[in-house]
Each structure stands twice: as C-alpha cells, then as structure tokens.
Amino acid sequence: MKSTKTEAVPRQQSQPPNDGACTKSTKSIVAGIPADVKAIRELRTKRSIPVADIVEVVAAGYPKFDRYLLSKVEHGDEYGIRLRDDAMATLMTKFAPEQRKRRSRDRHNKAKRVQARLSDDVYSRLQRTVAANNITIQSLLEQLILNYIIEHSKGDPHDQTAQ
C-alpha cells in the first residue's frame, strides 16, 4: 500500500477585528499607575531592598505571599492586584519609617467639641436667628456656655473664669 502524505500547511492565525475594546497595552503609563503600586516599586528600587526581604516581611502576616505575588503587586495596574493596607503599612514601618503618614494634630485654636441634637424646627429657627443677628453659631454657643459657667460657679475657688 502506498501512503499518500500531504504536506501540512500552517494554519493561519485569525485575528479578531481590532475595535479597541479588547486591546491591552503591554507598557505601563507612569501617570496612570495607582499610588500604592508606585509606592511599593519606589520603596524597593530607591532603597535597593531585595525582593526576599519584602516577601519575608509581608509573609509574616500573610504566609502564602511569595515573590510571584510581589511581582503582580508591583504590576498591579496590569494584574488588578493590590497589597492590603495593613501589609503596606508594615512594609513602610520596617523599611521607611520616616515616610509613614502621621496623624496631624488638630490645628484649631479651640480643639474641644460640644455637640447637640436639635429638631428640624428648632434648628431652622436657630439658623434664621443667628443669620439675622449676624453672628456665628460658634460664637453664640461659646457666649452661652461662658455665661452659664460664670453664673453657676460663684464661690468656686477652683474656677478661673469668675475672677
């Protein structure tokens, strides 16, 4: 029997029409990178921190974290993977403690607050009255509180407002 072999013809790759909906850029645009992705890249590159050290710190809290996940986190704009806030905070504390965001102190001169709940009717009447007298609710409440303290603290040796 004679076998007839036909020469294999390479299959042509059919490409879907390029309508722009499913195309993916292979290069990252620096301006479009999320801040947390930039932060972890900059932390590792600027401080020359080895990948193994970063993985070790994160793996302490998340045991299945490895160098492959770190790579995906560093390319989070392409993979859609981000490092959790607590893991990022741990990294920043360990490798860049001076960059940790500290909670800013209250910059108001009068830092203490007093709150009250009012009915809608009383609140709207208060707003109209305050606006008509051209004063602020802050100054009105402060004056009322000071008057109350002065009136009720006569004879109190520890009170410094009555003097």
Taking 4.0 angstrom as the limit, do D53 and R67 come out as a salt bridge? no
Flag yes if M92 and V51 sit in one hydrophobic cluster, no otherwise; membership is Ile, Leu, Val, Met, Phe, Trp, Tyr, and two members link when side-chain heavy atoms are under 4.5 Å apart. yes
Are any non-hydrogen side-chain atoms of V114 and L141 less than 4.5 angstrom apart? no
Heavy atoms from other residues, nucleotides or ligands near CG of D86 exceed 12 (cutoff 6.0 Å): yes
On a heavy-atom basis, which atom in A59 and which in F65 lie closest, and how many Å separate them? CB-O, 3.9 Å
Look only at the side chain of R41 and the backbone of E74, and say whether a donor-acceptor pair between them is shorter than 3.5 Å. yes
Measuring from atom CG of L43 to atom CZ of F95, what distance do you get when rounded to the nearest 0.5 angstrom? 7.0 Å
With a sphere of 6.0 Å drawn around CG of D85, does it hold more than 12 non-hydrogen atoms of other residues, nucleotides or ligands? no
Is it the case that more than 12 heavy atoms not belonging to Y123 sit under 6.0 Å from its OH atom? no
Given 3.5 Å as the limit, does a donor-acceptor pair link the side chain of S71 with the main chain of Y68, or not? no
Which atoms form the tightest heavy-atom contact between K64 and L69, and what is the distance? O-CD1, 3.7 Å
Nearest-0.5 Å distance, OG of residue S119 to CZ of residue R117: 13.0 Å
Residues at least two apart in sequence or cross-chain that pass side-chain contact (heavy atoms from CB on, under 4.5 Å) with L140, listed by chain then number, are L126, V130, I135, L144
Within the 4.5 Å heavy-atom criterion, are L70 and I54 side-chain neighbours or not? yes
Closest non-hydrogen atom pair, Y62 against R84: OH-NE, 2.8 Å
Can you tell me if T136 and S139 form a side-chain donor-acceptor pair at under 3.5 Å? yes
Between the CD1 atom in I150 and the CD1 atom in I145, the distance rounded to the nearest 0.5 Å is 12.0 Å
CG/L83 to NZ/K72 distance, rounded to the nearest 0.5 angstrom? 14.5 Å
Are E142 and K110 close enough for a salt bridge, meaning some N to O gap below 4.0 Å? yes
Do you see a donor-acceptor pair shorter than 3.5 Å between the side chains of Q143 and N147? yes
Smallest separation among heavy atoms of R82 and V73, with atom names: C-CG2, 4.4 Å
Could you go through D121 and R125, starting from their C-alpha distance and side-chain angles, then the distance that decides it, and tell me whether this counts as side chain to side chain contact (heavy atoms under 4.5 Å, CB included)? CA-CA 6 Å; D121 180 48; R125 288 172 55 194; 3.8 Å; yes
